[in-house]
Structure formats: C-alpha cells, structure tokens
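Read through the structure below, which is laid out as structure tokens, and then see the notes.
Below, read A as the first sequence line, B as the second, and so on, with proteins coming before strands; counting in each chain starts at 1.
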Amino acid sequence: MHALIGRIPRGRVATYGQLAALLGRPRSARAVGAALRGAPASLPWHRVVNARGGISRRAHGASMLTQRIRLEQEGVRFRRGRVVLAAHRWRPARGWRRGEDP
DNA sequence: GACTTGACTAGAC
DNA sequence: AGTCTAGCCAAGT
C-alpha cells in the first residue's frame, strides 16, 4: 500500500478507488483512506484524491487546504475546486509490482 | 471475534 | 447543480 502510494509521481494524482483496484481490491477504496490516516508524513498522501478529483474531508477538517496547496505547488491544476483528473490522473504501467497479475 | 466507523463510490432524486 | 441512500469492506474498538 505505502509502496504503491510512494510510486505516484510528482504532479500526478490517484483516486482511492484506483489505488484499491491496483491492490486487487476494487471495493476497498475506503480502506485506502483509513490506511492513509495513520500514514507517515514521508508518503505523498496528498496525491490521493476522491473519484471526482476533489479532496475528501476528514474528521479534523484541517489539512484539506494543505493538500490542495501541496498539489498546486507540484503543478497540479484545479478546476472548480477539483483536480483536473483528465490531465493529472496517474496511469501506472501494468506489471510493475512484484509479480501480481489479474 | 462481533460491532462500529468511515481520507469511498455509484446511482437515485 | 447539490443531497441522500445503499452497498462496500478493511481498520479500529
């Protein structure tokens, strides 16, 4: 999971559902967020957004703004408060991860 | 090991 | 366009 998120390149974003699917659990998008909750600051957690490209709110409300700012600093463009997924969605190559394959 | 929670999503209204 | 609802299932209690 962490390894996967760590592979998201600068200036790109991935959705919770997308990451879940890449892990072979297409219905576990929420678990991705839950795992992110206690993730180390070293992870580019800010590159994970919801299916619409928006920043999901969490319990403390804060840090949503931080996420947007960090993304903008990486060159990610926003349109009406959402990431332009068409331009920034991460498209990982197939078969990069230690031998897995659907 | 049952019970609740929720950084999700897709579909309906 | 926004809001609600119902499935979902890994993490936390």
With the side chain defined as heavy atoms from C-beta on, A/R82 is closest, among C/dA1, B/dT9, B/dA7, to C/dA1
Between CZ of A/R57 and C1' of B/dA7 the distance, given in whole Å, is 11 Å
- Query: Quick one: do A/R68 and A/E72 make a salt bridge, cutoff under 4.0 Å?
  - Reply: yes
A/I5 CD1 to B/dA7 C1', in whole Å, measures 10 Å
Atom OH of A/Y16 and atom C1' of C/dA10 are separated, to the nearest Å, by 15 Å
If pairing means Watson-Crick or G-U wobble with both distances under 3.5 Å, then the partner of B/dA7 is none
Walking DNA chain C from its 5' end, the first of A/A34 and A/R80 to be reached, judged by nearest nucleotide, is A/R80
In whole angstroms, the gap separating P of B/dA10 from CG of A/N50 amounts to 10 Å
- Item | Side-chain donor/acceptor of A/Q73 to backbone N/O of A/R70, under 3.5 Å | no
Taken to the nearest whole Å, CG/A/L19 to C1'/C/dA10 is 15 Å
note: A/R30, atom CZ; B/dT9, atom P; distance rounded to Å ~ 10 Å
Against the side chain of A/W45, the closest entry in B/dT9, B/dA7, C/dA10 is B/dA7
To the nearest angstrom, the CD-C1' distance between A/Q18 and B/dA7 comes to 16 Å
Does atom CZ (A/R91) have a neighbourhood of more than 12 heavy atoms from anything else shown, all under 6.0 Å?
yes
With side chains defined as the heavy atoms from C-beta onward, is the minimum distance between A/P40 and A/W45 less than 4.5 Å? no
The Watson-Crick or G-U wobble partner of B/dG1, with both key distances under 3.5 Å, is none
So, does the side chain of A/R37 form a donor-acceptor pair with the base of C/dG12 at under 3.5 Å? no
Per atom distances to the A/R27 side chain, the nearest of B/dA7, C/dC8, C/dA10 is C/dC8
field: More than 12 heavy atoms from other groups under 6.0 Å of CZ on A/R25
entry: no
With heavy atoms under 4.0 Å as the rule, sort A/R52 into base, sugar-phosphate or nothing.
-> nothing
